[in-house]
Amino acid sequence: MGCRGLIVAPYDACLTHLPEPSRATYLARLAPDSEIDHSGTTFTGDLLQRLLRALGDPNSGQLLVSHARFEAATFSDTAGFGGVAFTDVWFDGAVFSGDAVFRGASFAGNAGFRSATFEGSAGFSKAVFSRAADFGGAVFALDARFDNAAFADAAFMGAAFSGDAWFGAATFSRDAHFDHATFAEASFRRARFSGNAGFGGAAFSGRALFDNAVFSGGASLRGAVFSGDAAFGGAHFVGDTRFGAATFSRSADFRGVTFAGDAWFGVVTFSGSVRFSSATLAGNARFDATTFSGKAAFHGTTFSGDARFVGAEFSDSADFSGAICSGEAAFSGATFSGDAVFGAATFSAGALFNGATFKTLSQLGPLACQGQLDLSGAHFGRPVTIEAATAFLTCVRTRWDSTATLRLRYATVDLTDAVMEYPLSVATRPSDFTYERRPVDESGLAGADPSARITSLSGVDAAHLALTDVDLSACRFTGTFHLDQLRLEGRCDFAAAPAGLHRHGAFPVRWTQRRTLAEEHHWRAATGSTAWTPAPSGTPTQQPAALAPVYRQLRKSFEDAKNEPDAADFYYGEMDMRRHDGDRPRSERALLTLYWAVSGYGLRASRALGWLVAAMAATVLIMMLWGIPEPAPLTVTTGHLTGQNISLATENPTPVNPSGPLPSRLTPQRWEKSLRIVVNSVVFRASGQNLTTTGTYAEMASRLTEPALLGLAVLAVRGRVKR
């Protein structure tokens with residue numbers, strides 16, 4: 001094949017093939033500002049040096065190349081351009097068969113190295129590129145050193161670095177494009193990217209070192225492939241950073257990294273371990289659908305914005321201990337196959353684990369969450385202890401396949417439709433949580449009631465549920481299965497009936513003090529009673545027919561626990577709901593109304609005793625006025641004598657109804673006699689007194705009603721003191 005070198009005018013050959021006299025004449029005519037074009041020319045080391053000296057400044061000795069084209073040129077020996085000052089130069093398609101030495105060179109204009117081939121080492125250390133530097137498609141067969149180089153616009157798209165690529169401490173004042181470049185081992189340690197840094201689709205077969213690099217503009221590493229270790233420790237990303245769909249085959253180190261903008265790691269694959277320990281993510285962090293096959297360490301990481309791990313998969317351990325999230329943290333649909341450590345983690349907004357799967361987790365927390373801790377639809381496959389100080393804990397349709405313990409502080413808990421196949425315990429933690437002997441930061445919840453509160457057990461099988469020291473005053477129980485098997489331990493508070501005098505419709509009433517269900521509060525508030533708590537917005541109001549079975553099952557739960565005194569309130573509630581159930585027969589409701597009015601369903605001793613005293617007083621008054629007859633006349637004995645026999649007959653006179661004004665009958669003597677009659681009637685004893693017809697019937701009525709009232713009072717007292 002013939003020579004491809006560009007012919008040197010006015011000669012008929014390229015610089016390489018010019019006769020020596022012609023070559024000497026040509027070189028002698030050159031000056032520092034000469035425009036030269038030696039595209040396709042093959043340069044030996046000696047020829048190149050003669051050319052550069054010809055372009056040098058005779059006064060300063062500086063090698064100056066103003067406008068030069070070496071496109072498709074071949075440098076068969078070492079190409080020594082070290083310290084050369086270029087204006088515009090093009091090496092597109094050039095082949096450097098030996099080493100290419102550009103150390104300390106400066107490029108005031110454009111520098112073109114597109115598709116150039118560096119078969120030896122390429123040395124651009126401390127080179128300065130003031131304008132565009134285009135290495136797109138360049139091939140570096142051995143090491144390429146750009147450490148401490150200074151770039152304006154830098155383009156390395158599609159470049160191939162088969163040896164080590166050193167960009168340590170290099171500066172890129174404008175955009176830097178390494179998209180789809182391939183690297184063996186690359187070092188960008190302490191490099192500074194002032195513009196956009198593009199590594200989209202880049203492939204790193206060896207180590208990729210970005211320690212302490214600074215990305216002042218945006219950084220895109222979408223689809224990048226890291227086959228070796230990737231180190232970004234201490235790097236600083238000022239703009240938005242995108243690692244979407246990137247692949248890390250070995251370890252990835254982001255310890256101490258600062259992301260001032262948004263950080264996107266969606267659909268990233270981490271096959272090895274990944275460490276974000278002590279990293280700071282000031283913007284939003286997106287790890288949606290990311291795969292963590294190795295250990296994932298986010299210990300002490302600070303998320304100032306939202307942190308999204310939606311659909312992420314953690315095959316090994318995930319350590320978020322001590323993490324701080326100021327925005328919302330979303331782990332919705334995430335899968336944790338190993339341990340998930342959230343000890344001392346704090347969430348200022350909320351932490352969403354809805355739909356998450358915890359296959360082997362044994363401990364979640366202790367953590368602090370000022371907002372909502374959402375475990376709705378989450379699935380726990382092993383025995384687990386959940387410790388959280390949170391404002392709200394939502395466990396709607398949460399599934400526990402084994403035993404579980406929830407130790408909570410400040411939490412308002414919703415257990416609607418939760419599924420538990422083994423015992424589940426929910427308890428208030430009385431003291432602050434600690435992790436590794438240090439207190440968990442609960443300052444965001446300070447001032448609130450530290451007790452746990454449950455708002456709903458609807459749809460729950462309470463046969464496996466135990467509650468300890470929790471507030472049930474706002475809890476909805478309707479729809480709970482096996483409520484009679486619910487275990488209540490410690491102090492479990494229910495809603496109280498309003499104290500004092502209140503209005504019911506147009507009438508003032510005083511409600512009996514007792515434990516009540518939140519649903520009864522909702523129903524009574526809906527029917528116009530004041531001081532009862534109305535139902536929250538969107539919550540249907542349950543009717544008495546639905547509440548009576550709930551009261552009955554809770555009563556049985558207390559009775560089975562040998563807690564008869566507290567069971568009495570739920571019996572009262574059951575009977576009251578039956579009395580107000582409009583679907584029941586009128587006769588039954590009338591009987592229940594009488595039972596309620598007379599003795600509070602056999603639970604209010606004061607009411608029964610009050611009616612007893614009233615009945616006795618009424619009976620005494622009746623006896624004094626109409627029951628005790630006038631003073632009886634003397635007994636009359638009559639008879640006759642026949643022969644030696646005497647026959648006598650004694651007659652008791654018929655009691656005479658008292659006469660005279662009624663006040664005259666109210667004497668101490670008649671009161672004392674009436675009182676004895678009434679007291680005897682209370683204990684089922686006949687008085688033995690001659691009474692008027694009215695008095696006889698009054699005594700019969702009192703012997704029927706007054707012992708019953710006494711029995712109801714005794715029953716009520718027994719219900720409060722029974723063990």
Side-chain angles (χ1 to χ4, degrees), residues 1-124 127-129 131-142 144:
M1 186 172 63
C3 177
R4 298 183 303 167
L6 191 68
I7 294 175
V8 177
Y11 307 104
D12 58 356
C14 69
L15 184 61
T16 300
H17 294 99
L18 277 178
E20 181 55 34
S22 299
R23 181 187 299 143
T25 301
Y26 168 74
L27 294 174
R29 293 201 307 263
L30 295 178
D33 59 349
S34 298
E35 293 188 14
I36 60 173
D37 188 348
H38 295 288
S39 300
T41 303
T42 299
F43 286 90
T44 63
D46 179 66
L47 179 59
L48 177 61
Q49 291 305 311
R50 289 179 64 187
L51 176 63
L52 293 178
R53 284 195 298 270
L55 295 170
D57 186 347
N59 297 321
S60 64
Q62 174 71 46
L63 300 180
L64 304 174
V65 179
S66 296
H67 303 281
R69 289 187 176 274
F70 294 95
E71 296 166 318
T74 299
F75 300 89
S76 58
D77 298 325
T78 297
F81 290 94
V84 175
F86 296 94
T87 303
D88 292 323
V89 64
W90 289 268
F91 289 90
D92 298 343
V95 176
F96 296 87
S97 300
D99 293 340
V101 181
F102 287 84
R103 180 179 177 86
S106 63
F107 300 83
N110 296 319
F113 290 86
R114 177 175 289 274
S115 300
T117 300
F118 298 86
E119 295 179 353
S121 62
F124 287 84
V128 177
F129 298 86
R131 296 186 66 183
D134 188 357
F135 288 83
V139 176
F140 298 86
L142 297 179

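What you see below is based on every heavy atom in this structure, not just the backbone, and it leaves out hydrogens, waters and symmetry mates. What you are looking at is a predicted structure, and each value in this text was computed from that prediction instead of being measured. Here, residue 1 is the first one in the sequence, and each next residue gets the next number.
- Listed for the Thr41 side chain is no donor-acceptor partner under 3.5 Å among the backbone atoms of Cys14.
- With Ser76 contributing its side chain and Phe43 its backbone, the two residues share a donor-acceptor pair below 3.5 Å.
- Atoms CG and OH, from Leu18 and Tyr26 in turn, are 9.0 Å apart once rounded to the nearest 0.5 Å.
- For the atom pair Ser66 OG and Leu30 CG, the distance stands at 11.0 Å (nearest 0.5 Å).
- In this pair, Phe86 and Phe107 present their aromatic rings parallel. The plane angle is below 30°, not in the 30 to 60° band.
- A donor-acceptor contact shorter than 3.5 Å is absent between the side chain of Arg114 and the backbone of Asp134.
- In this structure, the side chain to side chain donor-acceptor pair (under 3.5 Å) partners of Ser39, at least two apart in sequence or on a different chain, are Asp37.
- Separating the CD1 atom in Ile36 from the NE2 atom in His67 is a distance of 11.0 Å, to the nearest 0.5 Å.
- For the residue pair Ser121/Asp99, the side-chain donor-acceptor check at 3.5 Å is satisfied.
- Using a distance-only test at 3.5 Å, with no hydrogens or angles considered, no donor-acceptor pair links the side chain of Asn110 to the main chain of Asp88.
- Between Ser34 and Ala31, the closest heavy-atom pair is OG-N, 2.7 Å.
- Closest non-hydrogen pair, Phe70 versus Ala94, comes out as O-CB, 3.7 Å.
- Side-chain atoms of Arg23 come within 3.5 Å of backbone atoms of Thr16 as a donor-acceptor pair (strictly under, hydrogens ignored).
- Checked against His38 for a side chain to side chain contact (heavy atoms under 4.5 Å, CB included), the options Leu48, Leu51, Leu6 give a single hit: Leu51.
- The backbone N or O of Ala108 sits nowhere less than 3.5 Å from a side-chain atom of Thr87 that would complete a donor-acceptor pair.
- Expressed to the nearest 0.5 Å, how far CD1 of Ile7 lies from NE2 of His17 amounts to 11.5 Å.
- With a 4.5 Å cut-off on side-chain heavy atoms, Val84 and Leu55 do not count as touching.
- The minimum heavy-atom distance linking Gln62 with Gly83 is given by the pair NE2-O, 2.8 Å.
- For the atom pair Phe124 CZ and Phe135 CZ, the distance stands at 4.0 Å (nearest 0.5 Å).
- Every residue two or more places apart in sequence or in another chain that forms a salt bridge (charged side-chain N to carboxylate O under 4.0 Å, His left out) with Arg50 is listed here: Glu20.
- Rounded to the nearest 0.5 Å, atoms CG (Leu15) and CG (Leu47) are 4.5 Å apart.
- Considering only heavy atoms from C-beta on, Leu63 stays 4.5 Å or farther from Phe81 through its side chain.
- Contacts of Ala100 classified as side chain to side chain contact (heavy atoms under 4.5 Å, CB included), with partners at least two apart in sequence or in another chain: Phe96, Phe102, Phe118.
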